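Labels below follow one simple rule: chain letters A, B, ... track the order of the sequence lines, proteins then strands, and each chain is numbered from 1. This is a predicted model, so every value here is computed, not measured.
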Amino acid sequence: DQQVKQNSPSLSVQEGRISILNCDYTNSMFDYFLWYKKYPAEGPTFLISISSIKDKNEDGRFTVFLNKSAKHLSLHIVPSQPGDSAVYFCAAPDRTGANNLFFGTGTRLTVIP
Amino acid sequence: ETGVTQSPTHLIKTRGQQVTLRCSSQSGHNTVSWYQQALGQGPQFIFQYYREEENGRGNFPPRFSGLQFPNYSSELNVNALELDDSALYLCASRPDRAADTQYFGPGTRLTVL
């Protein structure tokens, strides 16, 4: 059972515009969420996170929004740059287990120059 | 401070063989987790080691086993390889079990023929 879902496999955005990547989760016990970015031939790199006690966290061009009632979070990238082209994963730690991460299936973002 | 490294980068094995993948965690990180990423999927948790002992396991059979050494290195061993074991294998380290952010290596691409 996929507890973290990313329903959009891909997204294309023009350079300079906003990119919005979405993530849904089913487990209401999740209390922390992370976004990772993955380039080909590299491991996932941590991008930004948010605690469930907040509804927004901002870091430069990246902002994550959390809607707990909808069990939905989104990552906004403004303005999008060609170097942002990568696969983005949302993830949540499993507090009932080894604090390992549940990952979504990823969204491939392509920023068109 | 060095990052997480993995070896080899690529590996080709045949069904039924055994394989050992290696990971070197960041210095001072006493917790290492291994993930399997199949094509088009997000990483899936295999198991975690904390201070050289397994302390969490995902839904993987016993033919997936591991070791962690005092020098921050670790191994993932897979016996009796099956075609479905073909995937990218990622290791991730963190300072301790409570830390939410995991730092990933570049992965080992395993192909089973």
**Q** Name the member of B/Q37, B/Q41, B/R94 that forms the most heavy-atom pairs with chain A at distances under 4.5 Å.
**A**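 Top option by heavy-atom pairs under 4.5 Å: B/R94.
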**Q** Check whether the ring centres of A/F103 and B/Y35 lie less than 6.0 Å apart, and answer yes or no.
**A**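 Yes; B/Y35 has its ring centre under 6.0 Å from that of A/F103.
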**Q** Please flag which part of A/P93 lies under 4.5 Å from any non-hydrogen atom of chain B: side chain, backbone, both or neither.
**A**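 Answer is side chain: those atoms of A/P93 sit under 4.5 Å from chain B.
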**Q** So, do B/Q36 and B/P43 sit near enough that their side-chain heavy atoms are less than 4.5 Å apart?
**A**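 Result no, sub-4.5 Å side-chain heavy-atom pair not found.
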**Q** Name the region of B/F47, side chain, backbone, both or neither, that has any atom closer than 4.5 Å to a heavy atom of chain A.
**A**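 When you check distances to chain A, no heavy atom of B/F47 falls under 4.5 Å.
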**Q** Tell me whether B/V32 is reachable from B/L110 by hopping between hydrophobic residues (I, L, V, M, F, W, Y) whose side-chain heavy atoms are closer than 4.5 Å.
**A**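 They do share one cluster, since a chain of ILVMFWY contacts under 4.5 Å joins B/L110 to B/V32.
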**Q** So what's closer than 4.5 Å to chain A heavy atoms on B/A92: side chain, backbone, both or neither?
**A**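 Neither part; nothing is under 4.5 Å.
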**Q** Hey, are A/Q3 and A/N27 close enough side-chain-wise for a donor-acceptor pair under 3.5 Å?
**A**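 Per modelled atom types, A/N27 and A/Q3 side chains form a pair under 3.5 Å.
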**Q** Measure distances from B/R57 to the heavy atoms of chain A and classify the residue's part below 4.5 Å as side chain, backbone, both or neither.
**A**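 Neither part; nothing is under 4.5 Å.
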**Q** Of all residues at least two apart in sequence or in a different chain, which pass the ring pair (Phe, Tyr, Trp, His ring centres under 6.0 Å) check with B/Y50?
**A**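 Result, ring pair (Phe, Tyr, Trp, His ring centres under 6.0 Å) vs B/Y50: none returned.
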**Q** I need the contact set between residues 60-81 of chain A and chain B: heavy-atom distance under 4.5 Å, sorted by residue number.
**A**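 Those residues of residues 60-81 of chain A which would need a heavy atom under 4.5 Å from chain B do not exist here.
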**Q** Between B/S33 and chain A, with a heavy-atom cut-off of 4.5 Å, which part of the residue counts as in contact: side chain, backbone, both or neither?
**A**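 For B/S33, no heavy atom lies under 4.5 Å from chain A.
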**Q** Step by step, would you call B/Y72 with B/H29 a ring pair (Phe, Tyr, Trp, His ring centres under 6.0 Å)?
**A** CA-CA 7 Å; B/Y72 304 113; B/H29 285 194; 8.2 Å; no
**Q** Which donor-acceptor pairs under 3.5 Å do the side chains of residues 31-42 of chain A make with protein atoms, sequence neighbours left out?
**A**
from: A/D31; atom 1: OD1; to: A/R95; atom 2: NE; distance (Å): 2.9
from: A/D31; atom 1: OD1; to: A/R95; atom 2: NH2; distance (Å): 3.0
from: A/D31; atom 1: OD2; to: A/R95; atom 2: NE; distance (Å): 3.3
from: A/Y32; atom 1: OH; to: A/S49; atom 2: OG; distance (Å): 2.7
from: A/Y36; atom 1: OH; to: B/Q102; atom 2: N; distance (Å): 3.0
from: A/Y36; atom 1: OH; to: B/Q102; atom 2: O; distance (Å): 2.8
from: A/K37; atom 1: NZ; to: A/Y39; atom 2: OH; distance (Å): 3.0
from: A/K38; atom 1: NZ; to: A/E42; atom 2: O; distance (Å): 3.0
from: A/Y39; atom 1: OH; to: A/G83; atom 2: O; distance (Å): 2.6

**Q** Do B/R51 and B/D96 meet the salt-bridge criterion of a basic N to acidic O distance under 4.0 Å?
**A**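 Between B/R51 and B/D96 there is no salt bridge, as every charged N stays at least 4.0 Å from the carboxylate O atoms.
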**Q** Using distance only, find each side-chain donor-acceptor pair of residues 105-113 of chain A under 3.5 Å and give its atom names and separation, not counting sequence neighbours.
**A**
from: A/T105; atom 1: OG1; to: A/Q6; atom 2: O; distance (Å): 3.3
from: A/T107; atom 1: OG1; to: A/S8; atom 2: O; distance (Å): 2.6

**Q** Which region of B/Q6, side chain (C-beta onward) or backbone (N, CA, C, O), has a non-hydrogen atom less than 4.5 Å from a non-hydrogen atom of chain A, or is it both or neither?
**A**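 For B/Q6, there is no contact with chain A at all, as no heavy atom is under 4.5 Å.
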